[in-house]
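Accompanying notes for the structure given below.
Sequence lines set the chain letters: A, B, ... in the order given, protein chains first and strands last, and positions in each chain run from 1.
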Amino acid sequence: MAVEISHISKSFNGQSVVKDISFDIAPGEVFGLIGPNGAGKTSIIRMLLDIIRPDSGRIRILDGSPEGIKDRIGYLPEERGLYRRLTVMDTLMYLGALKNRQNRESRERTLELLEKMDMLLHKDKRISELSKGMQQKIQLIAAIGHNPELIILDEPFSGLDPLNMKLVKDLILELGREGKTILISTHMMDQVERMCDRIFMINRGSGVLYGSVGEIKSRYGKNTIFLEFEGELKNIKGVKKINHSGKYAELVLDAGADAQDVLKNIVSEVRVSRFELSAPSLNEIFIEVVEHDKVDHNSKT
Amino acid sequence: MIKWITIAKHEYVYNIRRKEFLFVTFGLPLFILAIMGLPVLLAGSSASPEEYMIGYVDRTDLFDSVNFIKYTDEGLAKKDLLDGRITHFFVIPADYTVTGKIDIFSAKKGFLGSMAVESQIKGFLLDNLLKTETKEIVERAKNPINSEYFTLNDRGESTDAGLSAFLISIAFAVFFMLSIFSSSNFLLQGVVEEKESRVMEILLSSISYRDLLIGKIFGLGAVGLTQILIWFIIGMVLMSSNPISLASLLGRVHISIPLLMFAIGYFILGYLVFASIMAGIGAVATTSREGQQIAGIFSITGAIPLIISQFIIANPNAVLAKALSFFPLTSPITIVMRLSLAQVQFYEIIISTLVLMASILIIIELSVRIFRASLLMYGKKPAIKEVVKYLHEG
């Protein structure tokens, strides 16, 4: 296993942040650690990197040899920061040197990555002259410039425009194809759904879902309709819930409702240009699990 | 390469190129120079000796000069002075050998000028009064004492300790305190800023807390030392622009090599103790201003031997002086001061050195723990109770 986490817990000032979490990441896997803000994702990652230590439980990374382990990990933290007065190249060379990589090969790799991220023109600029999105790309390069085996990315897409989002996504997928083990922590479900092999979902410090994306979705069955339409969509018989997004909507069916009947009901209300029966999106599962959890939590307290 | 060296190198280069660093390092000496130089410039009395034209009226008929213009009549001298042909003239009255009275006239007021003129006149008078003596005697009369102090120990051997050694120890103390004050700034700022810059997490994904802190202590400590060295060099250059004062200073100071070696050794150890403390304070403090207040307590403690130096001088082997020799914050200055004054027992040197070394290791270890525990709590100021808890947890 590339990462083995067993029964870790952590509390700050008596407040429990991570409760008895266990999951594994296989070598070469693209793994999603997902959950709402404040669920405990970043705390787990910091424990993986030995920045903070768990109160209990065990963590094994890259077969557990602690010697030089940090050189084999790449990390993009959620808290973004760089030395503002350094140039792009100086920054990357310094951070590379801290990973014990300061040779021609790493320089070439860095230049290659700058090119790929569309940043080669800016390599001699100071960090303070770059836009936020550019700085984020530099940090991503810093995280992977030393060719690590395990790459940990905390919210890699936050604050990126669609163009840069695609660049970053393509790079992550490419790294995945190269056989790197990648852990993505995010609350952006649609990205995870498309990129990750398996996920671990955490809410209020506890694990709530764990498994392959396909398996989790099939567990929820084909009870969802993706709809593209014109008109106004209101209460439809046989539909439990509607997630609107403009001309599109995701409809969750009542248990036992027949999709054909529902389609008839919809057609009588609006003009349908697309209709697809599918498993629910990860987003919907996420919302359901979190809301369910909240109800549970409230009824307990 | 060992990773803390990479950190230290980065910290050094990054900070030494800061505008603030360059401004303070070069601006402060310029400012002091301006303050000191301004009155001299305004007074306009910076004329060199060659610019003085001095005349004299001799009523004793004893004095001859090659450099001064001899007038037979006071009226003529006055006229030349007012016309600007000479800058000064003086009158040697007939009863000079009894009274020593000399009247000096000049066209302008000015204290500095009159000092230089007076010393020229003095030389002229001595040359003439001792006309019959040899050149050496004349020189000796002009500069009769060239002092050097020795202290005899119980066995009657003279130690080379003396005024010069004592001066070195005071210079050491001042230099040491200056270095600490200027470096503590850099260390506090460097550690606090790092917490704010949020680069920390990237760094910690590559290196350990210990490497980071040690790298900072050495890198930022070197920045502080660089500043002090630049000031020192500027000071030396300014002094050597007036070669007489530098030569007379160096001529009087006999630098004893063993004392110098001890001074350097204690300087390095003591400096590291303070640098580690400052880094530890930086780890706890949320702003560098707050850190400076705490740091002040330690710096003042370090200055105690300097403040009470007159007691240490009076009795270098008193209980208090011995006690201060073992306390890591005060031992560097105390030991060097005592070494320059009297015999210091061998065991005292060994113990104080060991205490310093152990303190460095312990303080760094404690700082690492505090650092580790407090680091990721941005903007939150830990209470003393929590700091104690950090020490246990870290």
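- For CZ of B/R289, the number of neighbouring non-hydrogen atoms (other residues, nucleotides, ligands) closer than 6.0 Å is 12 at most.
- Taking the side chain as every heavy atom from C-beta outward, B/L203 and A/L98 approach each other to under 4.5 Å.
- Here the side chains of A/Q139 and B/V199 are not in contact, with every heavy-atom distance at 4.5 Å or above.
- Checked against side chain to side chain donor-acceptor pair (under 3.5 Å), A/N147 has the following partners two or more places apart in sequence or in another chain: A/K180.
- Within 6.0 Å of the CD atom in A/Q15, the count of heavy atoms belonging to other residues, nucleotides or ligands does not exceed 12.
- At most 12 heavy atoms of other shown residues, nucleotides or ligands fall within 6.0 angstrom of atom CZ in B/R210.
- Smallest separation of non-hydrogen atoms from A/K99 and B/S205: NZ-O, 2.9 Å.
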Show me the donor-acceptor pairs, under 3.5 Å and distance only, between side chains in residues 112-124 of chain A and residues at least two apart or in other chains.
| residue | atom | partner | partner atom | Å |
| --- | --- | --- | --- | --- |
| A/K116 | NZ | A/E174 | OE2 | 2.8 |
| A/H122 | ND1 | A/K125 | NZ | 3.1 |

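- Put simply, of A/I73, A/L95, A/L49, A/D50, the one with the most heavy-atom pairs under 4.5 Å next to chain B is A/D50.
- At distances below 3.5 Å, at least one donor-acceptor pair connects side-chain atoms of B/Y209 with backbone N or O atoms of A/I51.
- Within the 4.5 Å cutoff, no side-chain heavy atoms of B/I202 are placed close to those of A/L76.
- Using cut-offs of 30° and 60° for the angle between ring planes, the A/Y83 and B/H10 rings count as tilted.
- The side-chain heavy atoms of A/E78 and B/E201, taken from C-beta on, include no pair separated by under 4.5 Å.
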